Every structure is written in structure tokens, then in C-alpha cells.
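Remember, predicted model here, so these are calculated numbers, not experimental data.
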Amino acid sequence: MTHLFRSGNPSTLVWLMLYALGVKIIFLIQPLPVISDPHAGFLYTYPVSALQHDLHWGNGHFQWIAVSLLFILALELNQLLIRYHLLQGRNYYPAMSFLLLSTFHPAWNQMSASLVACCFLLPSLGIVFHPDQQSIRRAQIYNAGLMIGIASLISTSFSIFLILLWLVMMVNRPFRIAEWLLVLMGWLTPIYFYAVGSFLLDHFSWQIWKFTINWQWHTDWLNQWVTVSLVVLGLMFVIGLGLVWHHMAGMMIQVRKSWILLLCFGIIAIALVLWDGFSSMADWLPLVLVISAFASNLWWYVPVHRLRWTINLLHILLILLAWAVIYLPVHQPQISLFPWNRHF
């Protein structure tokens, strides 16, 4: 099955759409409710509230939107890795990996502010992996800050990814204060227009400038099924990281640097989770993107002709395990995998 996504032909996109519907079918049959996020911004809360109260949209409508956004996010990740040659050759393995690994927790498949914000976050990373940093125009730098600003209006905590842009500019480009201010101006542009619009409509609030850090870390979300999901994602990340390290000698310098910057993106995604105090599993979605990027190396570098049945069996087992992690806690809650489950 996995060899279907080894080609970059446009016809493979049809197989990817069918794969997305097949993997996410459990959520389409039993739609999940919209996640109420205290960090959600105006660009998320207002449209969702309007669709719920004015058009009377239910969970089924938002579930289809969430699956569509996940598919778009998978294509954005795929284009990012292939366009800047992080994987050799054209394929759809990054998209396939993300659609598979994002199935391991319900919060990653629900309509949430983090899901919508990620769709604006990934396009801003184009300047991060660009092979010729000196050819990047100032308009592209401004647009990257603008995308993160829009993502920040959708989910406030996504402002932390400004650190990634400044880190890339500090490493790859000579220091120019004008470019650093340009990123900041791009980030402030949507916030400025929202502040002016709300002021003219007499709805202005200083809360938009408030970025609180939650120091009270909650672990109520951690149970045996979440533990299984995190272990699987951790193993896929370690295997992918090992394959990248093994083939790093044959990579160009810019590609090596791109993988290291992608690892820095994962570190900032962990900081995002810590910022929100583990309040919502939806905040882990940027980290799932990074893990999926590394996990795609497993499907690409493992010799298909020798180990085709082994790889296909592993792929099917991962799908079945993901469905079990979603289905069993709801329909068979008495099943206990660990003797210490009650003490989590």
C-alpha cells in the first residue's frame, strides 16, 4: 500500500484523498464536537460562533471541515519538504505520515484553533528552508511575519513561532535591523487592523495584547491510551531521526541545515505545549507535523522491493492501532493496559 505514495504524479493525489477518507472514517461516522479553546482568537471564535448559531451547523459539518483542513495541512507539509529537497525525489510520504499519525488522538482531528492556525503557520516556513537566503526579498520576509500574525489572531499562543523566524535570520542572514523590524511589522499588521476595527465598532479590549503563560501544568489528559499514542509517535520520530542522521553524509549542506531547523521548529512546538500548560492536546498538532516529517523517511529509505510486505504490515498495524486508541476508550473503557493506570 505504501508504494502507491512513492510517486509524485498528480494521479497519486487521488489515492491520497481516498487514503485520508479511509483513515479518518472513524471520525466521519461519529463526528467530534468543536474544541472550546481559551486561547482562541477573534478570527476563530467569531466564524465558528456564527456558523453554530446563525447557520445551525452541527458536529458533522465541522468534522468534515476539520478533515479537509487536515488534508490541506498534509499537502502543505508535503510541498514544503519536497520543494526544498528534504526528501530525495517527489513523493507523498510526508502527507501520508501526517494523515496517519494525526489519527492517534481525537483532539488532532477535531475542529480547533490550533488546526486552523497551523494552515497559516506552514506557509510562513518557506523562508526557513529556502536554499539561497540572500535571494529572499523583503516582501517574503514581511509575508512570513504576516502569516504568523494571522495565526496568532486564530490562536494566541502561536506568536511564539516568531522566535523561529528570528533564529533563522540570525543564523542564515547578516544582521539587518530593518529585516527584523519587518518581521515584527508583518506580525503586528493583522493585530493592528483588528484593534482599529474593534475600536471603531466600540468593542476594543486590551486582552488582545495579553499573552499569558499557564504555569499550572495539568496531567489529567494523560491516560493509558494517550501514553500508547505518544510512545508510537516517539518511536516514529526516533526512527526517522536515525535515518536522517544515517544519510546526512550524502546530503547537501543546505538540506542538512534544513533538517536541523526543522528540529528547532519541533523544540519551539514543545515550548508551545508547555506555554499552554498541557491544557489541550490540540496544541500538540505543530509537534505532530514535525514528527510526521521525520517519520516520512521510514517509508522512503527502507528498501521497498525487499521489505514490501514488512512495511505494508507495519503500516496496517499502525492504522489498526490508531483506530483502537480512538475506539476502545469510548466503547470499552474497562480495558486496562497497565496495572498502574488508575494512578496516572
Tightest non-hydrogen contact, residues I160 and A271, listed as CD1-CB, 3.7 Å
Tell me whether V288 is reachable from I270 by hopping between hydrophobic residues (I, L, V, M, F, W, Y) whose side-chain heavy atoms are closer than 4.5 Å. yes
Take L287 and L272, measure what side chain to side chain contact (heavy atoms under 4.5 Å, CB included) needs, and give me the verdict at the end. CA-CA 9 Å; L287 187 59; L272 171 67; over 6 Å; no
Does any N or O in the side chain of S229 come within less than 3.5 Å of the main-chain N or O of F104, such that one atom is a donor and the other an acceptor? yes
Any donor-acceptor pair under 3.5 Å linking the side chain of S112 with the backbone of W108? no
Is N297 reaching over with its side chain to a backbone N or O of L241, donor-acceptor style, under 3.5 angstrom? no
Check for me, please, whether I326 and V231 land in the same ILVMFWY cluster - side-chain distances under 4.5 Å, paths through other members count. no
Donor-acceptor contact below 3.5 Å, side chain S49 vs main chain Y46: no
Where is the tightest heavy-atom contact between L87 and P94, given as atom of each residue plus distance? CD1-CG, 3.6 Å
Quick check on ring-ring contact (aromatic ring centres under 6.0 Å, His included): which of Y93, F98, Y19 does F5 satisfy it with? Y19
Whether the side chain of W259 engages the backbone of L86 through a donor-acceptor N/O pair (distance < 3.5 Å, no angle test) should be reported. yes
Is there a donor-acceptor contact under 3.5 Å from the side chain of Q63 to the main chain of N109? yes
Could you tell me whether a side-chain N or O of W180 sits under 3.5 Å from a main-chain N or O of W166, the two making a donor and an acceptor? no
Tell me whether the rings of F158 and F161 are parallel (<30°), tilted (30 to 60°) or perpendicular (>60°). tilted
Between A117 and I154, what is the shortest heavy-atom contact and its length? N-CG2, 3.9 Å
Establish whether F27 and I29 are linked, either directly or via other cluster members, by ILVMFWY side-chain heavy-atom contacts under 4.5 Å. yes
Sub-3.5 Å donor-acceptor pair from the side chain of N78 to the main-chain atoms of A74, do we have one? no
Return yes if some donor-acceptor pair links the side-chain N/O of K24 with the main-chain N/O of W64 below 3.5 Å, else return no. no
Would you name the heavy atoms of L32 and N59 that are closest together and state the gap between them? O-CB, 3.7 Å
Quick check for you: to the nearest 0.5 Å, what is the distance between L181 atom CG and R176 atom CZ? 13.5 Å
